[in-house]
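Bear in mind that the values here come from a model prediction, so they are computed numbers and not experimental data. Every heavy atom of this structure was used, including side-chain atoms; hydrogens, water molecules and symmetry mates were not.
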Amino acid sequence: MKPLFLAGQWRQGRGAVARSIFPADGSLNAEFSTASIDDVEEAIQAAHQAWQEPSWRNSLPVERARVLYKVADLIEQNVTQLAALQTRDNGKPLAETRGLVMSAAATARYTAACLETLDTELTNARSKDWLTMSVHEPLGVVAAITPWNSPIASEVQKLAPALAAGNAVILKPAEATSLIALELARLFEEAGLPCGLLSVLPGKGSVVGNAIVQHPLVKKISFTGGTSTGRQLAHIAAERLISTSLELGGKSPTVVLADADLDLAVNGVIYGIFSSSGQACIAGARLFVHTQVYDAFLQRLVAKTQALRVGHPEHVETQVGPLIDEKHLSSVDAYVRQAEHDGGQILVGGHRLSEGELAKGSYYAPTIIAGLSNQATVCQEEIFGPVLVVLPFEDEQDLVQQANDSVYGLAAGIWTENYRKAWQLARALDVGTVWINTYKKFSISTPFGGFKESGVGREKGRLSIVSYMQQKSIYMGLNTQPDPWCEG
């Protein structure tokens, strides 16, 4: 049974035994131990003590950066094994998981470079009698809680800037995908991260996660996952007056204007919704197509969707792998059945796949539904699966209103050859990220986060390190004469 990583020690947790299941066929990947409440307490106390040691928090930026550079190198050196492990963990095709692993390496390397160039700010003093400056200092112990759909990328996006800022981190991975987080701990350990600064505590969010975020020594919650859980964490953070970073759900609109390059748009729309089997918060799940090109676009879209290769995630030709588990598959199918009940027309897919080697896995056919309004349940709620709803539009002002008619505001896509129109539409959409003539592309240098119920705060970008710090102002008196106020 695989141990957990508690304050620099590999040992059995005192929680229940958990199992990692391969979504492709239901086979057992491994059994691993989970944390108990006592383990959480021990890890946080050790993290607080390690954070207080000046050897890390007061070390030169170049010294902390050296550890992150080493982590990046180790991730790249182990890319094949890490990609295979994440595929076993959540069923994503190897081509996707390899890309996520390389993204994690890039995140660690970019964060290290930003750390080396992060400057203290000398502010513009309003008097010649003093000098003012603004500095940033670490918060202390950070809680990082990550999802099952893209674990290695999400985990490094939190670990790298939080540790770069001089903090200690308690990482609570999704229970279904804990194996990759434990392997990351091994790489951070090998890179020379001081003992106690990182603990990886698998377990149920309702037990382990709740104990972590409620602890008085935890000074920030960084969470990626569902909106309902994010809302609960926001309440806890508000009660405790600590900061949060919440990257939550989405129901992202994608827009195809009349002048769009249809071949470019078809491929982009398909990738945006069906890669990762639709299990992505930024999946382009609502498609608005101008009436002038609606029929022609839909014909191409359906034909290409039917040609997608759904299969075993370890096969090199596979484009769409299984869903995370049977429970989630049932949830996705229930949404499709609801769409049928509401009058939706299933143009392709709409059922689980269970022939041949797919019989033992949780596979669902890429699905396109037409004939519904934007008010339908499948247009308003996050399905988190390979289900696309297509809606025609004619008036662009009405389009903006429909696209923004959602509790979510994470991302959007626009397909058009008119960049003036694209700019205007991008500014009108209430979302945190807009892709124009592309979709689901990321740069670690560009901040990412949502509007509305898609979250608060931002990850990535040059200032991601600062988001894990607290700001302090320092005044230095320059006047050599005593303050006249005391002289009467």
Side-chain angles (χ1 to χ4, degrees), residues 44 47-68 110-144 157-170 194 197 213 215-223 233-247 432 444-449 451 455-487:
I44 292 177
H48 182 67
Q49 183 176 345
W51 168 73
Q52 288 183 311
E53 293 293 328
S55 59
W56 183 253
R57 62 179 292 182
N58 294 340
S59 62
L60 293 174
V62 67
E63 294 170 339
R64 298 197 297 278
R66 189 176 294 119
V67 172
L68 294 178
Y110 176 82
T111 305
C114 290
L115 176 60
E116 289 191 283
T117 58
L118 190 65
D119 293 328
T120 294
E121 182 183 2
L122 188 66
T123 54
N124 186 15
R126 308 307 297 174
S127 170
K128 63 182 180 181
D129 293 334
W130 61 77
L131 180 70
T132 59
M133 65 183 68
S134 176
V135 298
H136 289 85
E137 299 179 348
L139 293 165
V141 181
V142 172
Q157 279 174 204
K158 299 180 189 302
L159 292 176
L163 292 168
N167 300 293
V169 183
I170 307 296
L197 289 172
V213 300
H215 199 285
L217 291 179
V218 169
K219 301 303 180 183
K220 174 166 179 156
I221 302 169
S222 179
F223 172 77
L233 294 176
H235 279 293
I236 292 171
E239 287 290 330
R240 298 194 50 231
L241 291 178
I242 61 174
S243 63
T244 60
S245 173
L246 305 173
E247 197 264 278
I444 183 57
S445 63
T446 307
F448 178 77
F451 291 6
V456 294
R458 294 294 181 269
E459 291 191 329
K460 303 185 178 183
R462 188 176 62 85
L463 298 180
S464 61
I465 300 170
V466 175
S467 71
Y468 288 93
M469 306 181 84
Q470 51 195 343
Q471 195 167 13
K472 178 183 287 184
S473 297
I474 299 176
Y475 289 71
M476 299 181 65
L478 303 178
N479 197 331
T480 58
Q481 299 301 313
D483 194 313
W485 186 87
C486 298
E487 304 301 323

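- Glu116 pairs by the side-chain contact (heavy atoms from CB on, under 4.5 Å) definition with Val62, Ala65, Tyr69, not counting sequence neighbours.
- With sequence neighbours excluded, the residues that form a side chain to side chain donor-acceptor pair (under 3.5 Å) with Arg64 are Ser59.
- Judged as a ring pair (Phe, Tyr, Trp, His ring centres under 6.0 Å), and not counting sequence neighbours, the contacts of Phe448 are Phe442.
- Asn167 places a side-chain N or O within 3.5 Å of a backbone atom of Ala162 that can act as its donor or acceptor partner.
- Partners of Asp483 by side-chain contact (heavy atoms from CB on, under 4.5 Å), not counting sequence neighbours, listed by chain and number: Trp485.
- With sequence neighbours left out, the side-chain contact (heavy atoms from CB on, under 4.5 Å) criterion links Asn58 to Pro54.
- Scored by the ring pair (Phe, Tyr, Trp, His ring centres under 6.0 Å) test, His136 finds no partners at all (sequence neighbours excluded).
- Residues Leu139 and Ile242 form no side-chain contact, since every pair of their non-hydrogen atoms from C-beta on lies 4.5 Å or further apart.
- Residues passing the side chain to side chain donor-acceptor pair (under 3.5 Å) test with Gln470, sequence neighbours excluded: none.
- Within the structure, side chain to side chain donor-acceptor pair (under 3.5 Å) pairs that include any residue of residues 236-247 do not occur (at least two apart or interchain).
- Taking 4.5 Å as the limit, every side-chain heavy atom of Glu53 sits out of range of all side-chain heavy atoms of Arg57.
- In this structure Ala47 satisfies the side-chain contact (heavy atoms from CB on, under 4.5 Å) test together with Val141, Ala168, Ile170, sequence neighbours excluded.
- Pairing each heavy atom of Pro161 with each of Tyr468, the nearest pair is CG-CE1, 3.7 Å.
- For Ser445, the side chain to side chain donor-acceptor pair (under 3.5 Å) partners at least two apart in sequence or on another chain are Ser443.
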Stepwise side-chain contact (heavy atoms from CB on, under 4.5 Å) check, Ile465 with Thr111:
CA-CA 8 Å; Ile465 300 170; Thr111 305; 3.9 Å; yes
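- With contacts defined as side-chain heavy-atom distances shorter than 4.5 Å, the pair Trp56/Val67 qualifies.
- Listed by first and then second residue, the salt bridge (charged side-chain N to carboxylate O under 4.0 Å, His left out) pairs involving residues 459-472 are Glu137-Lys472, Lys158-Glu459 (not counting sequence neighbours).
- Taken from CG in Leu118 to CG in Leu463, the straight-line distance is 8.0 Å, to the nearest 0.5 Å.
- Residue Gln471 comes nearest to Ser134 through the heavy atom pair NE2-OG, 2.7 Å, listed as atom of the first residue, atom of the second, then distance.
- Nearest approach of Gly140 to Trp51, heavy atoms of both residues: CA-CE2, 3.3 Å.
- Between Ser222 and Gln157, the closest side-chain pair of non-hydrogen atoms is not below 4.5 Å.
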